[in-house]
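The structure appears right after this line, and notes come after that.
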Amino acid sequence: MRRLPRLRGPASALSSSTSCLRTPLAATCSSTSTTPQHTSAPAVRSTHVWQNNLQRRCLSTSISRCDKQAQTTTPVATEEIPSTPAIAEEQPAELEEENSYYGDEIEESTSSKPQIETDLVYPGERVEAQVAEEITDADYVPAELGTGLEEVGGFQDWWDRPGHWGESKKYVGFGPLEKVTDFAVMEVLTRRAVIEALAIREHGKQNQKHASERARAYHKRQVRAALRALVGGEEVLGIQQVDLVAGEGSPVGVKDVGQLEAVWNSLIGNKDSSNRVPEAPVIEHNEAMDLIKAWGTEWKKATVQDPVLRFYIAKRLQRLTGHVIADAKIHGASITIGGIISAMARKPKPKKLAELLDKTGVLADLPNVQVYPRRVTPIDKEQMVGRWKLIKKELEARDLPVTGHDAKHSKTVEWKWARGES
Amino acid sequence: MTIRAVKTAVSIGRNGVGGSFILQCQKMDFHYCDWFGSSKGMNGFIKSLLPKFAAAHPQIEITVSPRPNKHPVIIGHYINGKQKAICTRNMEPLQILKKVELLRDASGEKNRRITKPVQSINPSVRGVWSPYHGEGITV
């Protein structure tokens with residue numbers, strides 16, 4: 001869309017005189033050459049020198065025009081242009097100014113490009129209001145001042161408006177939005193994470209036989225997808241039923257390695273879920289307690305020596321529970337599964353002392369102690385003795401500010417003086 | 001007209017003399033800040049030592065409230081209507097306990113310089129003893 005209607009169309013401007021269009025270039029080229037022919041040549045001849053929008057415009061939409069320009073150029077100019085690198089450096093800035101005037105023609109050329117599929121909502125066509133002379137409504141009164149007029153349209157906070165920022169562009173976290181806080185559920189998920197990590201490692205061992213680069217890259221992608229996979233439904237029950245071989249001080253493993261194949265398949269079968277935000281685990285507290293009783297405590301004493309396995313466990317736990325285990329803890333000298341659980345299950349410290357006192361209840365039983373979670377203000381003190389309503393009523397009756405200061409009743413006289421008021 | 005006892009014959013009650021002792025400290029306010037480092041000891045005191053102190057002194061009303069971005073302070077309120085405040089910035093919990101005990105034992109009166117070994121509001125009937133009166137003392 002042309003912004004200045006009085007200007008001639010770009011096609012006519014170009015066809016009538018190229019020197020008119022190239023006027024800014026004359027100034028830039030003057031340092032190297034004083035002949036006007038030099039200035040009109042580059043748009044046509046120097047296709048290898050310039051790579052900008054105007055050049056593309058000429059080549060794509062107005063070939064005939066370019067041909068005309070080619071005919072008008074002199075042999076002298078064509079020979080000299082490649083030997084003037086200063087022109088090549090200075091031209092793009094000048095041409096950008098021209099592009100701003102002939103933006104509509106550039107749009108034509110860009111419209112031929114393939115459209116990128118996106119779910120972003122772009123601003124629509126520019127809509128201009130009618131000018132006052134064209135409005136036929138008899139009730140219309142043109143405003144003389146801009147103050148008080150309703151603001152319509154505009155692009156401020158465009159991407160923050162609802163629906164404009166595409167769903168696919170939104171951040172998807174690795175862990176669930178809410179961390180798992182139930183210790184029993186956390187323990188069940190830890191066992192599941194250990195089994196899944198064992199399955200991923202086992203699959204990696206089998207794939208190490210393939211020495212080709214391509215196979216290794218494929219395996220990496222598979223592992224990445226498996227670590228992000230979200231398994232649900234009956235497949236989870238299958239994973240939980242895998243028997244762990246674990247004892248005090250012994251490395252963790254499974255009784256039947258063949259069971260890990262099924263676990264791996266369930267992980268890879270759900271790799272489409274890797275871009276989803278994990279939801280809260282469906283397992284209930286009582287159900288988790290039953291499972292913990294059935295499993296006993298021996299499996300928690302097993303050690304996790306393999307650093308790769310530790311890493312897989314940590315990633316799966318982050319995906320399932322939302323807890324990030326610090327590297328110093330997960331890569332400790334000898335860590336057990338119970339150690340991983342305790343590193344993860346530490347309750348966050350209360351940020352405020354009042355919260356801590358409320359949580360521990362050390363002062364709650366004492367009748368002579370009162371704990372306030374926030375500062376006790378003078379208004380609070382008046383409310384405690386039942387005087388505040390009276391004070392407020394009397395202040396309002398005298399047209400005085402109830403809280404703070406207003407324009408009439410400022411803090412001090414000096415405050416007025418400082419602001420230049422008498 | 002009701003019969004009244006002779007005023008001079010009635011003894012004036014003295015706190016703790018021949019009767020119950022009433023602690024002069026009525027109320028104590030504990031202010032702390034969650035963010036200031038100078039409140040670290042005070043926060044520890046409130047967590048660890050205040051429950052015992054409050055349980056041992058049920059006659060003292062205790063309030064605990066934050067005072068953001070300010071040093072920690074203890075304010076004692078007394079029966080005579082006066083207040084005493086002690087800033088406890090950078091103090092350890094046990095140091096704060098000493099200050100709390102100081103406020104507890106205070107009467108609420110202004111601090112005065114004591115120049116005489118004995119003070120009394122009951123002047124002796126016998127007057128001040130003198131070695132030059134009476135029968136005298138043989139040395």
Side-chain angles (χ1 to χ4, degrees), chain A residues 178-179 181 183 324 326 328 342-343 345-392 394-395 401-405 410-412 414-415 418, chain B residues 22-79 81 83 85 88-89 91 93 96-97 100 103-104:
Chain A
E178 287 184 12
K179 288 180 183 176
T181 50
F183 288 164
V324 181
S342 61
R346 194 157 294 163
K347 283 183 181 175
K349 278 184 181 176
K351 286 183 179 173
K352 298 193 172 184
L353 181 63
E355 289 172 8
L356 179 75
L357 294 174
D358 186 37
K359 202 173 177 184
T360 54
V362 285
L363 295 171
D365 298 334
L366 298 166
N368 58 329
V369 181
Q370 182 75 40
V371 180
Y372 296 96
R374 62 170 178 84
R375 188 172 80 90
V376 178
T377 61
I379 294 175
D380 290 332
K381 286 175 187 167
E382 296 295 348
Q383 280 174 338
M384 282 174 199
V385 292
R387 218 160 31 199
W388 176 244
K389 279 183 186 172
L390 193 69
I391 292 169
K392 195 179 170 187
E394 293 299 321
L395 284 169
V402 177
T403 54
H405 308 271
S410 66
K411 286 179 183 175
T412 57
E414 290 82 358
W415 184 253
Chain B
I22 296 170
L23 199 65
Q24 297 298 291
C25 182
Q26 273 186 320
K27 186 184 173 190
M28 288 173 102
D29 294 334
F30 291 85
H31 296 296
Y32 66 93
C33 173
D34 283 308
W35 189 73
F36 263 34
S38 60
S39 275
K40 195 179 173 188
M42 180 59 124
N43 294 7
F45 171 82
I46 292 168
K47 275 189 280 189
S48 57
L49 298 177
L50 185 63
K52 281 182 190 170
F53 179 83
H57 301 89
Q59 68 272 44
I60 302 176
E61 181 191 349
I62 290 170
T63 62
V64 180
S65 66
R67 213 172 60 129
N69 303 341
K70 297 275 191 297
H71 288 308
V73 70
I74 311 164
I75 303 169
H77 300 259
Y78 295 89
I79 282 178
Q83 295 179 5
T88 60
R89 65 171 182 174
M91 282 189 192
I96 296 170
L97 183 64
V100 171
L103 285 177
R104 175 199 63 187

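For clarity, every value in this text was computed on a predicted model and none was experimentally measured. Just the heavy atoms: all of them, side chains too, but no hydrogens, waters or symmetry mates, feed the values below. Letters A, B, ... are given to chains in the order of the sequence lines, protein chains preceding strands, and every chain is numbered from 1.
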Subject >> Heavy-atom closest contact (B:P51 atom, A:L366 atom, distance) >> reply: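 Taking B:P51 first and A:L366 second, the nearest heavy atoms are O-CD1, 3.7 Å.
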Original post:
Taking all non-hydrogen atoms of both residues, which atom of A:P373 and which atom of B:P66 are closest, and how far apart?
Top reply: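 Shortest heavy-atom contact: O-CG, 3.6 Å.
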Subject >> Side chain, backbone, both or neither of A:L353 within contact of chain B (heavy atoms, under 4.5 Å) >> reply: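 Contact with chain B: backbone and side chain both.
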Can you pull every donor-acceptor pair closer than 3.5 Å across chain B and chain A?
from	atom 1	to	atom 2	distance (Å)
B:D34	OD1	A:L353	N	2.9
B:A54	O	A:N368	ND2	3.1
B:H57	O	A:N368	ND2	3.0
B:I60	O	A:N368	ND2	3.0
B:I62	N	A:N368	O	2.7
B:I62	O	A:Q370	N	2.8
B:V64	N	A:Q370	O	2.8
B:V64	O	A:Y372	N	2.8

